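Chain identifiers are assigned alphabetically (A, B, ...) following the order of the sequence lines, protein sequences preceding nucleic acid strands; residue numbering begins at 1 within each chain. Model, not experiment: these values are computed from the prediction.
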Amino acid sequence: MNKLLQNYSKEIKMIMAKYPEGQERAAVMPLIYLAQRNDNHVTKDELADIAEITGMSTTEVASIVGFYTLFYDEQEGKYRIQVCNDLPCALRGADEFLDELCENVGIKVGETTEDGLITIEGVKCLAGCHNAPMFQLQSPMGIEYHEKQTLETALELIKELRKMEGKNE
Amino acid sequence: MSKVAERILLRHRDIPGLKKFDIYMKDGGFKTFKKVVSKKQDQNEIKNIVHDSGLRGRGGAGFPTGLKWKFVDNNNWPHYLVVNADESEPGTFKDREIMQENPWQFLEGIMISAYAISANDIYIYLRGEFWEIAAQLDKQIKKLKKEGLLGENLFGTDYSLMIHTHLGAGAYICGEETALLESIEVKLGQPRLRPPFPPVVGLFGKPTVINNVETLANVALIVEKGSDWYSGIGTDKSAGTKVFSLSGRVKNPGNYELPMGTPFRTLIYELGGGIIDDRPIKAIMPAGASSSIIPVTEEVLDTPMDYESLPGVGGDLGSASVIIIDDTVDMPWLINKTMDFFKHESCGKCTPCREGTFWMHKLTERIQRGEGSAKDVELLLDVANQVSAKTICALGEFSKQAVITAIERFPQEFEDKVGEKISFGKTEG
C-alpha cells in the first residue's frame, strides 16, 4: 500500500503533471519535500513509496536524500533554526550570534533541544548577506527567512514556537 | 558620476506597488509579450535585438545572451527555457530581490525569452531555500493563466506557453548549469561534460537555454525599447546596468543597481556609506567567495566595475557580489571560511576538487588555529595550484581563487600566523 500516494494523491498528481511523459523521476525532489512535510524527515517507508511512484530504486531515492542538505533521513528537531555563518554573514557577527543563541538555549551548535523541538545549526550562504545575522526556519510548514536578527528576536521566536506547540498538544 | 542612473531591474524602488499585477499592467505590463506573440514576430528578430543590445549573462560568466540563444538547435524539438534561480554564491542576493519585488517584469522577461527560442515550457529552478518565493511565483503563474497570458494557443495564435517552478534542496553546485539540469532530471546534481552544450543537448536531452534571473529580467524592456537604448547604458563591451550586491564590513550593505563601469568608490563610499567605524578598507572580493582577493589601493577604488576592467586589478566581475574586507579581518581566517564553504559544496565528481577542497580545508583550519607551519602554507599553495584546470566545472577553480591570492598578496599575514618565513616557488608534490 503506497501511503504517500494515498495521503497526498491530489498534490502528487499536480507534481507529476509538471514533467513530460517518461520523465517521472523528475518528480522525486518535490515528492521528498512532500514526505518531509509530516515531521521534517523522510522515513524508510516513504523512500520506498517515492521509488514506487517514480519507477526508481529505493537506493536511488536515498542517494538523492543524502546529496542535498535540505533533505533528512533522521528525525531531529521539528523546527530547524539554520543560521548562515558563511563569510559575508560572519563578517557581520553571525558566528557570535550562533554561539550566543545556542548557549542561551542550552545546546551546542548542531544539537537539538531535549524536548525534540528545536535544532540549531550553522549553514552555508542563504542569500541574505546584507541582513546578517539571519537564519531560515525549516519546519513542517516550509522554509521561512528571519533577517536582521538579534539574540532577543531569535529567543522570542523560539518562545513562540514552544507556545504554539504547547497549544497544539 | 550621478548616484542613481536609470533603474531597469530594481524599478520597484521607483514605482510603488510594482509588485502588484494591476500596477504592473498600468505601467504597460505584458504589452511587449502580447505584441510579439500576437504579431507572430520573427524569433530571429528578437534574438538579434537581444544580441545587439550587448546583454551578457549575469550569473557570473558574462556570456553574450543573444549568442547563446542563437546556438539553439532547430532540428531537435521541443526546446526548453530554464531559469537559473539557484542564487547561492556567498555574497549574492540580487535575484532574490528581483523575483520578490519585481516579479512581473521577471516573468514577462522569461516569457518573451521562451518565445524567442521557440520553447513552450519554462522551468524556473529555485534553490530550496527560496521556498517562499517559489510559492509566490506559483500564485503569480496561476494568475497569468487566468488572465490568458499563459496557456494554450495564446491570443488566438498557435503558440502555447507554460511556466513550472522546481525547487532544489540545498546544493551550491546546482547553480552550475549542467548540474542544474541533472538536478531537475533527478540524477545527482553533478556537472556534465561539455560538449555537447545545453542549446544542443540540454534538459531531458532537448535543446535548452539556461539563463540567470537577472539576465532575463532585462529582456522585456530591451525588446520594448530596442537594442540601442540598452547598449547606450554602461560601457562599450559591458552594456546595461548591473545589480551589485554589497556586503561585508560596510555601513550600508544591500543591492545597488548601477551602470556597468561605475567605479568601486561610488559603490563602497557614496552608496555603501564607507567602512564600519570608518576603519581602513583592506581588500575587495568582487565576485563572492569564488573571487580573487584584491588588495585595495586608490587605483583599485577608481577602477570601473565591468567585465573588462577587473582583470586589470587582479580580479573578475563574476556575479558582482562585492564583499568588503577591512583591517579587522585576518586572511588566514578568511580563507578558512571560503574553504569550509567549498569543501562542503564540492559535489564529489572530480577527484582534484573533491580531495583538493578537503585537504585545503584541513590545512586552512590548522593554520587558522595557530598550529600551522610555513610548510603547511607552502603545501596549501601547492594543492591549490594543482586543483587548477583539472575539473569539469568551475567549482574547483573557484575554490582555490581566494587561497592563492590571499597567500600571494598578503604573505605577511600568513608568516605572522605561523611564525616563520614562507618560501615561494618551492613546491613539492
Side-chain angles (χ1 to χ4, degrees), chain A residues 14-15 17-33 36 50 54 56 60-61 63-72 82 84-95 122-132 134 136-139 141-145 147, chain B residues 78 87-96 121 123 127-132 135 162 164-172 174 183-190 204 245-249 252-255 276 285 288-289 321 323-326 329 333-334 337-338 340-341 344-345 347-348 402:
Chain A
M14 272 170 66
I15 290 170
K18 279 189 181 185
Y19 307 98
E21 250 185 83
Q23 301 290 350
E24 286 75 17
R25 58 184 290 148
V28 165
M29 286 167 69
L31 291 177
I32 296 173
Y33 275 119
Q36 287 200 161
I50 294 169
T54 55
M56 292 166 76
E60 273 182 293
V61 179
S63 76
I64 301 295
V65 173
F67 186 83
Y68 294 96
T69 55
L70 292 178
F71 294 150
Y72 310 98
Q82 301 177 313
C84 172
N85 62 344
D86 225 330
L87 177 63
C89 279
L91 290 170
R92 305 184 75 81
D95 279 323
V123 295
K124 303 298 172 227
C125 189
L126 298 175
C129 324
H130 53 323
N131 293 329
M134 57 87 60
Q136 65 181 8
L137 176 70
Q138 197 182 1
S139 76
M141 279 87 79
I143 294 171
E144 189 181 277
Y145 271 46
E147 301 181 83
Chain B
E87 180 161 70
S88 304
E89 178 70 41
T92 312
F93 42 86
K94 63 189 177 64
D95 296 339
R96 220 186 120 201
D121 284 284
Y123 288 92
R127 60 179 300 179
E129 291 83 353
F130 287 174
W131 197 89
E132 289 169 294
M162 200 47 216
H164 318 275
T165 58
H166 183 103
L167 274 178
Y172 170 74
C174 293
S183 177
I184 298 184
E185 294 178 13
V186 181
K187 294 155 191 153
L188 292 184
Q190 293 181 324
F204 307 128
S245 295
L246 181 66
S247 70
R249 306 286 306 158
N252 310 319
N255 285 321
I276 295 174
M285 297 179 79
S321 9
I323 305 175
I324 302 303
I325 314 295
D326 69 4
V329 182
W333 173 86
L334 188 152
K337 270 283 176 199
T338 62
D340 187 36
F341 175 78
H344 185 264
E345 300 298 344
C347 77

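If you measure heavy-atom distances from B/Ser245 to chain A, you find no contacts under 4.5 Å at all. With a 4.5 angstrom heavy-atom cutoff, B/Ile324 touches chain A only via backbone atoms. With a threshold of 4.5 angstrom between heavy atoms, B/Asp326 does not approach chain A through any atom at all. Only the side chain of B/Glu345 has a heavy atom closer than 4.5 Å to any heavy atom of chain A. Neither the backbone nor the side chain of B/Ser321 comes within contact range of chain A; no heavy atoms are under 4.5 Å apart. For chain A, the nearby part of B/Ile323 is the side chain; its heavy atoms alone come within less than 4.5 Å. Interface remark: B/Tyr123 contributes side-chain atoms only to the contact with chain A (heavy atom separation under 4.5 Å). Of the atoms belonging to B/Thr92, it is backbone heavy atoms, and not side-chain ones, that fall under 4.5 Å from chain A. For B/Met285, the part lying under 4.5 angstrom from a heavy atom of chain A is the side chain only. At a 4.5 Å heavy-atom cutoff, the contact between B/Cys174 and chain A is made by side-chain atoms alone.
When the options A/Gln82, A/Glu147, A/Arg92 are evaluated for a side chain to side chain contact (heavy atoms under 4.5 Å, CB included) with A/Met134, the one that passes is A/Glu147. Checking B/His166, B/Glu185, B/His164 one by one against A/Tyr19, the side chain to side chain donor-acceptor pair (under 3.5 Å) holds for a single residue, B/His166.
Residues A/Val123 and A/Thr69 have side chains not in contact (no heavy-atom distance under 4.5 Å, counting atoms from C-beta outward). The shortest side-chain heavy-atom distance between B/Tyr172 and A/Lys124 does not fall under the 4.5 Å cut-off. In this structure, B/Trp333 and A/Leu87 have side chains that are in contact, with non-hydrogen atoms separated by less than 4.5 Å. Side chains of B/Phe93 and A/Pro88 form no contact here, defined as non-hydrogen atoms less than 4.5 Å apart.
A salt bridge does not link B/Asp95 with B/Arg127: none of the charged nitrogens is closer than 4.0 Å to a carboxylate oxygen.
Proximity of a side-chain donor or acceptor of A/Glu60 to a complementary backbone N or O of B/Val186 within less than 3.5 Å is not detected.
Here B/Lys337 is the residue among B/Lys94, B/His344, B/Glu89, B/Lys337 with the most heavy-atom pairs under 4.5 Å with chain A. When the candidates A/Asn131, A/Ile15, A/Asp95 are compared by the number of heavy-atom contacts under 4.5 Å with chain B, A/Asp95 comes out ahead. Chain A forms the most heavy-atom pairs under 4.5 Å with one residue out of B/Gly348, B/Gly91, B/Cys347, and that residue is B/Gly91.
Under the 30°/60° scheme for interplanar angles, the aromatic rings of B/Phe130 and A/Tyr145 are found to be tilted.
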